[in-house]
Amino acid sequence: MTDEAHAPFDHPANALVLEVFRLNGALIRFGDALVKPLGLSSARWQVLGSIAHGRGTFSVARLADNMGLARQSVQRIVDELAEAGLVGFEANPAHKRAKLVVMTPRGERAFARATDLWRPVADAMAGGLAARDLRKTIDNLAALRGRLEDQSENGSSA
């Protein structure tokens, strides 16, 4: 392999992005296995988490925005969760057509059980890392996401 073939991976931002992609894949695979006994997938668990984060005050569009995903993708998962009896819809005082997505008691129990399963995994992942280092990593990732979103909004590629 030539040096030029390695060049794209030599840039520190590219190495970071590649590692983020790997982490995302690992989290999805691990999460799928973790919550499968609950009848969930990582995608369903993530949507339930976004609903919990919004405390039942988010529409599908807001859930999607909160998760950084396309509304259509989240709508499909919300529809599956509704069909499974894990979420329902309530009137949105701010928008007549965009209903609020809320967890049913069954959805709340599934999310609580998933959270209980995840907690020791999260503790093990963070074990040995200083809280300030984790906070700095979160801040750096959020800053990079913000820059990328700014470029997308401005239609800039540079």
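Side chains are part of it too, since the values below use all heavy atoms of this structure and drop only hydrogens, waters and symmetry mates. Since the model is a prediction, treat every value here as computed from it, not as a measurement.
- Contact between F58 and S50 at its shortest, heavy atoms only, is CD1-O, 3.8 Å.
- Of all heavy-atom pairs between F111 and A52, the closest is CE2-CB, 3.6 Å.
- L141 and V17 are not part of a single hydrophobic cluster, where members link through side-chain heavy atoms under 4.5 Å apart.
- Here I77 contributes atom CD1 and L48 contributes atom CG; the two are 10.0 Å apart, rounded to the nearest 0.5 Å.
- Evaluated for a side-chain contact (heavy atoms from CB on, under 4.5 Å) with V74, the options V101, L69, D79 yield exactly one hit, L69.
- Linking ILVMFWY residues whenever their side-chain heavy atoms come closer than 4.5 Å, directly or via other members, places L23 and V35 in the same cluster.
- The CG atom of N140 lies 12.5 Å from the CZ atom of R145; values are rounded to the nearest 0.5 Å.
- Placement of L38 and F30 within a single hydrophobic cluster is found when ILVMFWY residues are connected by side-chain heavy-atom separations under 4.5 Å, directly or transitively.
- For the pair R62 (side chain) and T57 (backbone), a donor-acceptor distance under 3.5 Å is absent.
- Minimum interatomic distance between A114 and L40 (heavy atoms only, all atoms of both residues): CB-CD1, 4.4 Å.
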Show your working on side chain to side chain contact (heavy atoms under 4.5 Å, CB included) between L144 and V20 and close with a plain yes or no.
CA-CA 12 Å; L144 292 170; V20 168; over 6 Å; no
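- The two residues P93 and A91 make their nearest non-hydrogen contact at CD-O, 3.6 Å.
- Within the 3.5 Å criterion, the main-chain N or O of L100 finds no donor-acceptor partner in the side chain of N92.
- Under 4.0 Å is where a charged nitrogen must lie from a carboxylate oxygen, and between D139 and R135 at least one such pair does.
- Taking all atoms of both residues into account, the shortest heavy-atom contact from I51 to L63 is N-CD2, 3.6 Å.
- Among residues at least two apart or in separate chains, ring pair (Phe, Tyr, Trp, His ring centres under 6.0 Å) pairs with a member in residues 114-136 are W45-W118.
- When the side chains of ILVMFWY residues are joined at heavy-atom separations under 4.5 Å, either directly or via intervening members, V78 and V102 end up in two distinct hydrophobic clusters.
- From L81, atom CG reaches atom CZ of R106 across 10.5 Å, with rounding to the nearest 0.5 Å.
- V121 is not listed as a side-chain neighbour of L117, based on a closest heavy-atom distance of 4.5 Å or more.
- T104 contributes a side-chain N or O that, together with a main-chain N or O of L86, makes up a donor-acceptor pair within less than 3.5 Å.
- In Q72, the CD atom is crowded: over 12 heavy atoms of neighbouring residues, nucleotides or ligands sit closer than 6.0 Å.
- In this structure a side-chain-to-backbone donor-acceptor pair under 3.5 Å is missing from S41 to D32.
- Checked against side chain to side chain contact (heavy atoms under 4.5 Å, CB included), E108 has the following partners two or more places apart in sequence or in another chain: M103.
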